[in-house]
There are 2 protein chains.
Amino acid sequence: MPQVERHVTKFNDFLLQQGLKPTSERTALIREIFSTHYHFDADELLFKMKQNEVKISRATVYRTLELLVKSGLVRRVHLGEDHYHYEHVSGDSHHDHLVCTVCGAVIEFHDEELERRQREICEKKKFTPTFHNLQILGVCDACRRKGQLPDAPDRVRMIHATKLRR
Amino acid sequence: MPQVERHVTKFNDFLLQQGLKPTSERTALIREIFSTHYHFDADELLFKMKQNEVKISRATVYRTLELLVKSGLVRRVHLGEDHYHYEHVSGDSHHDHLVCTVCGAVIEFHDEELERRQREICEKKKFTPTFHNLQILGVCDACRRKGQLPDAPDRVRMIHATKLRR
DNA sequence: CGGCAACTGAGACTCAGTCTCAACCGCAAA
DNA sequence: TTTGCGGTTGAGACTGAGTCTCAGTTGCCG
């Protein structure tokens, strides 16, 4: 998995540059993150580490996630749930999310026309954008075929594996 | 304030239709919400009620907000912060938000081209949308003129009057 | 009157996330 | 080798938004 190692190196560089140390805990976390998960939350990550027989405390997970966000390797996103999720910043292109409220699937997309139009709107309103965040909630193709209905749109609760694990 | 009373009536109708009761607490809350606030969070509302010398418990505030959302008079939104905000559903047209990360101002906009393009994307991905959510974070005109810089985009914390009040 | 269903406030609880603190771990200067 | 020092860690206390429970209240209807 050269991909993963490239990320490990990048993160180490970032740490050293900040006068911080590439500890075994940090490396284990970033390896886990970049080898499997694409979208995940802190708890999922914590659980995975436990499965891997690597003892890492909650505090360290959160601290490392903060560093990863600062380093630009990971992004913190809202995905329609009431807590944060994280995702890889793979290439560099910003993307948005379709979130299936039945099965929890997350489909990414990037659309230049959408981006352009947003820039236009900001210009018109004299607003200087730094960041944006678009989620479209709904039902994915697979779930629609199965005839699944979404939860009421006012209060979306996705199926959440984390909860079940506890 | 005929506007407010129209909303009170609408909510009462909704309640009766559901076999629920338009109590004094519920009416007081909806009156407060529709007479001043446009965007607010549960805590702000609770505080306002205390100021008005109306004793209403936190549980009731949350319960009423849930009912208001169900009735369609109020919408629950993410505004870049780590807890929910609520807003009036005035006309019916969906709108999105520009959120100034310096002063906390919220600017609404509706853009049909943006909506249309989103529908196109969903079609292409065979996704059935029920709802969407777009926030553009950045700096508003007034703050930009004052030369204010935004917080780091990775971790936006808006100025939050609620906290200061406590 | 009695019963019943909706309603309320107080406070316990949950859960994600943060913070504190003592212990630890190199490493480098003395 | 010892000492000191900054960064690091885990355990667990803490916070704050939001939810839930429960006992007591209200108002309606037979």
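- Between Phe40(B) atom CZ and dG18(D) atom P there is a gap of 12 Å when expressed in whole angstrom units.
- Rounded to whole Å, atom C1' of dG18(D) lies 16 Å from atom CD of Glu44(B).
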For the pair His85(B) and Phe40(B), evaluate ring pair (Phe, Tyr, Trp, His ring centres under 6.0 Å) and give the outcome as yes or no after the intermediate values. CA-CA 5 Å; His85(B) 282 238; Phe40(B) 61 96; 8.4 Å; no

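- Residues Leu134(A) and Val99(B) are members of separate hydrophobic clusters, defined by side-chain heavy-atom contacts under 4.5 angstrom among Ile, Leu, Val, Met, Phe, Trp and Tyr.
- Heavy-atom distances under 4.0 Å link DNA chain D to no residue of residues 9-18 of chain A.
- With sequence neighbours excluded, the residues forming a side-chain contact (heavy atoms from CB on, under 4.5 Å) with Ser57(A) are Ala59(A), Thr60(A), listed by chain and number.
- Gln51(A) meets the side-chain contact (heavy atoms from CB on, under 4.5 Å) test with Phe47(A), Lys48(A); sequence neighbours excluded.
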The contact string for nucleotides 22-30 of chain D, one letter per nucleotide 5' to 3', using protein heavy atoms under 4.0 Å with B, S and - for base, sugar-phosphate only and none, comes out as ---------

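- The CG-P distance, from Asp41(A) to dC15(C), rounds to 13 Å in whole Å.
- As rounded to whole Å, 15 Å separates atom P of dG18(D) from atom NE2 of His83(A).
- Straight-line distance from the CG atom of Leu46(B) to the P atom of dA17(D): 10 Å, rounded to whole Å.
- Considering only residues two or more places apart in sequence or on other chains, Glu115(B) meets the side-chain contact (heavy atoms from CB on, under 4.5 Å) condition with His94(B), Asp96(B), His110(B), Glu112(B), Arg119(B), His132(B).
- Taking every heavy atom of residues 53-61 of chain A and every atom of DNA chain D, pairs under 4.0 Å involve Lys55(A), Ile56(A), Ser57(A), Arg58(A), Ala59(A), Thr60(A), by number.
- At dT9(D), one or more side-chain N or O atoms of Thr23(A) fall inside 4.0 Å of OP1 or OP2 (strictly under the cut-off).
- Regarding Leu20(B), its CG atom lies at a distance of 16 Å from the C1' atom of dC4(C), rounded to whole Å.
- Residues satisfying the salt bridge (charged side-chain N to carboxylate O under 4.0 Å, His left out) test with Arg116(A), not counting sequence neighbours, are Glu120(A), Glu113(B).
- Annotation: ring pair (Phe, Tyr, Trp, His ring centres under 6.0 Å) contacts of His97(B) (sequence neighbours excluded): His39(B), His95(B).
- Under the side-chain contact (heavy atoms from CB on, under 4.5 Å) criterion, Leu16(B) pairs with Pro22(B), sequence neighbours left out.
- In this view, Asp141(B) and Arg144(B), Arg145(B) satisfy the salt bridge (charged side-chain N to carboxylate O under 4.0 Å, His left out) rule, not counting sequence neighbours.
- When the C1' atom of dG16(D) is taken as reference, atom CZ of Phe47(B) falls 17 Å away, rounded to whole Å.
- Checked against ring pair (Phe, Tyr, Trp, His ring centres under 6.0 Å), Tyr38(A) has the following partners two or more places apart in sequence or in another chain: His88(A).
- Atom C1' of nucleotide dA17(D) and atom CG of Leu45(B) are separated by 14 Å, given to the nearest angstrom.
- In this view, Arg31(B) and Glu5(B) satisfy the salt bridge (charged side-chain N to carboxylate O under 4.0 Å, His left out) rule, not counting sequence neighbours.
- Close to dG18(D), at under 4.0 Å from its OP1 or OP2, lies a side-chain N or O of Tyr62(B).
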